[in-house]
Every structure is written in C-alpha cells, then in structure tokens.
Engineer: 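The structure is given below, and queries will be raised subsequently.
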Amino acid sequence: MSRIKNTFNRLKKKNETALIPYIMAGDPDLATTKTLILEMEKAGCDIIEIGAPFSDPLADGPTIQKAAIRSLKNHTSIADVLGLVADVRTTSKIPLILMTYYNLIFHYGEERFVNDAASAGLDGVILPDLPPEEATVLIPLAKKAGLDTIFLLAPTSTEDRIKLVCRVSQGFVYYVSLTGVTGARAGAVQSSIEESLKKIKAATDKPVAVGFGISTPAQAAQIAHWGADGVIVGSALVKVIEEHVGTPELLVRAVEFARTLKQGVLAGHGN
Amino acid sequence: MSMPDKKGHYGIYGGKFAPETLMPALAELEAAYLAAKKDKEFTAELEFYNREFIGRPTPLYFARRLTDHLGGAKIYLKREDLCHTGAHKINNSLAQVLLAKRMGKTRVVAETGAGQHGVATATAAAMFGLDCEVYMGTDDVARQSLNVFRMKLLGTVVRPVDLGSKTLKDAINEAMRDWITNVANTHYVLGTVFGPHPFPMMVRDFQSVIGREAKKQIMKFEGKLPDAMIACVGGGSNAMGLFYEFLEEPSVKMYGVEAGGLGIERGKHAARFAGGSLGVLQGSKTFILQDEDGQIELTHSVSAGLDYAAVGPEHAFYHDSGRIEYTYAVDEEAMEAFDLLSRLEGIIPALESAHAVAYCLKLAPTLGKDKVVVVNLSGRGDKDVMQVAKIKGVEL
C-alpha cells in the first residue's frame, strides 16, 4: 500500500483530516526546504507537497510565482528536487508529493522521472496542466513504479469529468476549491465547496483533499468540517516564508503557522 | 487529410494541456465553434462583417518595382495590412468575439505582443458591445505605446504584465489566469494558432480566408498557382491562414520565416525550429525554446509579434513532414526589408511582415522570371515607426 493511502487510512481511523502544506523547493534554498519538511512533520503535518519551480506557472497566483522566481535563482531542477526527497527519506517516512508543471517532467523524460522518483522515495505527483486525457503515457508508467498520479477537479468540472478524474486519480482526488489560480483569499470559504465535496465523495471512495485559496486555520477548520479528507495550504504558507526570507525567524514562523493550520483541521473535524 | 484529430492532436503535437478548471470551457468552446461553423446565420454574419467592417477581400498586389529590383520571380503581396486595424489579426478577433457573443459571454480577454491582436480584439469588442481587457508585457507596452493608447481609446483596459520575459509569453500566462478565474462570463480570444485545442484549429479556420482569397486572386491574375509562398511565423496564424488552402497543392512551396533576432544564440532569438526542442507550453505540445532543465528561455526579436518561445503545433507537424520549410531572418535583415519595401513600393510593412519580405529578398532572385511568389504582408508598419526611429537614432 502506498504511503499516501496508508496515511489517509490511519487518519480516517482516528477521525482526523490530513493537513497538507505546500512549499516551493529551493525557496530560498534546498537546505531550508529540507529542514522545513522535517520540522513541519514534527508539528503535525501529515503529507508534504513540494513545488518544483517552472518559469511559466499558469495555474499559480503571484505568491507562488514569486517563490518560483526565488528558487529559480539557484536553478532548482527536477533532479535537485528528487535529491531533496532522497535526502529527507533517510530520516523521515512522511508522504511527499511533487507539484509542478508537465514540461519539466516531459523534458526530464517520463520513464526516467517515474523511476528516479520512485527510487528517491517520492510518493505522488500533481501536474495541474496535465489533464487525464493527456496523461496516457505517464499514468501506466507511474503505476508500474508505484508513484501516485493525483488529478484535480474544479468547481467547473462536469459529471463526466468527475467520474473520469475519480477513476484515474491515485492516492487522492485534489479538489480545487474555487475558479481561479492559487493564492490566499480573505474571508469565508465558498459554501459551494460542501456540495461539491458531497458530489465527489458520492462518486469515489478515494480520499478527497481540498486546496487553492485556503489560508487560515478557520478556513481549514471549515473545510475539514465539511468532510474533506485533506486540506492543502500553499500560498499562505509560502507568504510567511517570503516575509522572512533571509531572517532566522523563517523556520519558526513557517512551522508555527503550519501547526496552527493543523489545529484548525483538528478543531474542524471535531465539530 | 483532416487535422487535428478529435483530441486536438496534429501528429504528436498539439493537444489540450490545460488546468481542469478550463477543460469544460474548452469542450464548450469546441462544441459552440463546430455548431457555429455549420450555422448559415453565423457564417453569413461573419462574411458580412469581413466584407463591410474589415474590408475583405484584401488585394493581392503585384509589387512591380520590388520584382524589377530583385530581377527574379514575380512578387505578389497579400495585403492584410489593409484590413481594418492594420493587420490580419482582426480576421480571428472579430470571429471569436462574434462566437463569444453567441455563447452568451459578456466579457473577453486577450493577450498581445505587438499590440495588433489587442487592438483587433478591442475593436471587435467595442463593435459588438462586450467588455474587454488585454494583457501585454511591460517590454511590449514600452515599444508599442501607440497600440496601447489605441486600445484605451477603444474602451479596453490594458493590463501591463511585469513578469518573466515581460513579453507575449507572459501576457498569455496572465490572460489564461484571468480566464481560469472568470471563465463563467469570459471568453479568451487567443490571437494565434496556439494554446490548448480547439484554439489552433479555430484560429486557423478563421484566418484561412487569407489563402482562399489569394488562390482566387492569383488564378485570376496569373492563371496558375504560385510557385512559392512566404509568411512570417510567430505563433503562426498569418502563415497558417495563407498556407492552409494550398497545403494539398504539391507544386506550391511554402516558407515560414521565424525571428532570428540577434542570431541563433540562447536568449537572443525566437527561431523555435532553429534552436528549440519538443516541449509543452501554455496548453500545447510543440517546438519550444527551453534550457536543459525544461525552463522556458528568454527570447528576443526586434518585432514584438514574433518574440515568442513556442510555435503553433500544426506548424511543428508540417516542419517534420517537410511540407513547409522554416527559415529565419535576423533583426538586421528585417530592418533592411522594412526600408526597401517602404521605398520601392510605398508600403511600410509591420516589422513582423518585414521578416517575410526579408526572405523574399533572398528567394526571388534565385527563381526565374516565369515564377510567382506570394508574400503575406500580414500587417502595416505604422505601429513600428517610433521604434524604428529609435533604432535609427532619429529623434521625432
């Protein structure tokens, strides 16, 4: 059984929602990313999503775009990110998911990627610009290597697409909570998420994690309360990193923020 | 041969590499487009506006002095520069805005490089009464300030994009992000034969009026098909528009001219077939300029409309098949052609189109006087006058 599946199973038994933080690899450097991953695990995070920077991240808002630019200053590559994963794996079993854009994987070579990813100890991959229709090469290769290919659903997804994505997505189904790009949003999360979650959960037994726009413990709590199996927080966390780049506070502040988010999902699920 | 296939592939190229949020919108767009294409009311309306608003058909003009000067093949210019707004871009913008209106959209967004597609979309949006926002890289805003002001006059909001290479590629990213966010009421008027399916097909179809007219016109003037055709290739919409009608005429040679910029060195040009490799960018699998990690490289061209890291997927297909030959003209050659056409023919070409003229200057003298060459003069050069003055060191 995959580490991702294991984690969701374990949490389900405890009636707990997974907190899945996203950070950009190499922002501001790979050593910091490694420490952040290990410290966030200690702070109660369940799965870590690691971004690999791409020059043209068209599903991302300004915060993650800027993080990619910071990381690309050091030319962080897919090989570097897989090296980071292997490094983390020497001491940690926390599930690690790579989120990036398809061209980087295509350019690296899909077969070479799934093999290198599997031996590094990566658990899954999310490519927001690769819909299932275009993943007919990657899906079987990843399956063979034991790498989960996680696909996304959005508020605009039709019934047919919900069925398709629920069928092909491995590890979990990623529900994009709003029509838009990544980025923190103030205020209450959209109430339509509850309805969408019900619809997706009716179509699959796979875990469903919700991301995009979730930026506070209260928002995370609400999503957990509506029955999500996981809550993904990216831009808000990356923003904390951005605000403390170059200061010794970066680590403490980012990890503390992750801890409050986990408390949020715990409170939400307990409601 | 019918391309693309149902999934939008041209051989190994093309496809629909788009975020999930847009997948339903792309399917809806494809269905709406295919239905409109069969609807006599829509095609009649489009024909009406092509004729009465754009001013089609555009002339196919015999460039006598240029022909004499070069001493070889007879040169004809397809005068897309005479379209309303000054370039072929309006053929596609008007049709897409008409389609958007039919789909019940109230707002359109577009990207622009040289500003011609932005102006064309702003124009069509004004005429049909839709809200319009145009994304434009800050580098392009600086070198095409005239077109920026034109768009504002037309009631469009111009959004400068100060990211990445600050040119066309980054404008497309931002326009896509806008579309992802506002897809419910917004249509994205993509300006070239690029992006996720159905855009490359739809834009090609809307531009193919250029080649249909040119075929009739050359048959009338010369009683035969041209021996060669030349068009510049940024994304490749004016080239596809001219060539499409002739693809199955094996006697017609076709040349696509990319921007060689300062020469084929990393970051100094936009000649994807000369310095690029297979990749996926902004929805499409095609030839792109990328580094060893797969990051998209910076590009350079004197012409904002050709300054782009990827090329339309159908072009990539015809590159491999050999049906279309791709070459490039460097900045200096394009500038020379710009000057020469202005002086010999009284036609100031867009810097983009000057790349096609530059290759004609090389090709025509190698062909006999009985041969006929058609050059797509995709746009007029008024927008480039300020920039050319600056390059020449002339203060206006």
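Naming convention: chains lettered A, B, ... in sequence-line order (proteins, then strands); numbering from 1 in each chain. Side chains included, hydrogens not; waters and symmetry mates left out as well; all remaining heavy atoms used.
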Engineer: Do the charged groups of A/R161 and B/E20 touch, with an N to O distance under 4.0 Å?
Structural biologist: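 Looking at A/R161 and B/E20, the cut-off is met.
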Engineer: Can you name the closest pair of heavy atoms from A/V181 and B/R177 and give their distance?
Structural biologist: CG1-CG, 3.6 Å
Engineer: Check for a donor-acceptor pair, side chain of A/N103 on one end and backbone N or O of B/G294 on the other, with a separation under 3.5 Å.
Structural biologist: yes
Engineer: Does B/E292, at its CD atom, have more than 12 non-hydrogen atoms belonging to other residues, nucleotides or ligands within less than 6.0 Å?
Structural biologist: yes
Engineer: Less than 4.5 Å apart, side chain to side chain, heavy atoms only: is that true for A/D56 and B/D170?
Structural biologist: yes
Engineer: If we only count heavy atoms from C-beta on, is the A/L152 to B/P19 side-chain gap below 4.5 Å?
Structural biologist: no
Engineer: State, yes or no, whether a side-chain contact exists between B/V183 and A/T156 at a heavy-atom distance under 4.5 Å.
Structural biologist: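 Touching, per the 4.5 Å side-chain cut-off.
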Engineer: Where is the tightest heavy-atom contact between A/T76 and B/Q295, given as atom of each residue plus distance?
Structural biologist: O-NE2, 4.2 Å
Engineer: Counting only heavy atoms not in B/K268, do more than 12 sit closer than 6.0 Å to its NZ atom?
Structural biologist: no
Engineer: Please tell me if the side chains of A/Y108 and B/D293 come closer than 4.5 Å, counting only heavy atoms from C-beta onward.
Structural biologist: no
Engineer: Where do B/S277 and A/H107 come nearest, in terms of heavy atoms and distance?
Structural biologist: OG-CE1, 4.5 Å
Engineer: Run the side chain to side chain contact (heavy atoms under 4.5 Å, CB included) check on A/Y101 and B/V280 step by step: do they pass?
Structural biologist: CA-CA 9 Å; A/Y101 289 83; B/V280 175; over 6 Å; no
Engineer: Does the side chain of B/H9 pick up a donor-acceptor pair with the side chain of A/E134 at under 3.5 Å?
Structural biologist: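 B/H9 vs A/E134: donor-acceptor pair found between side chains.
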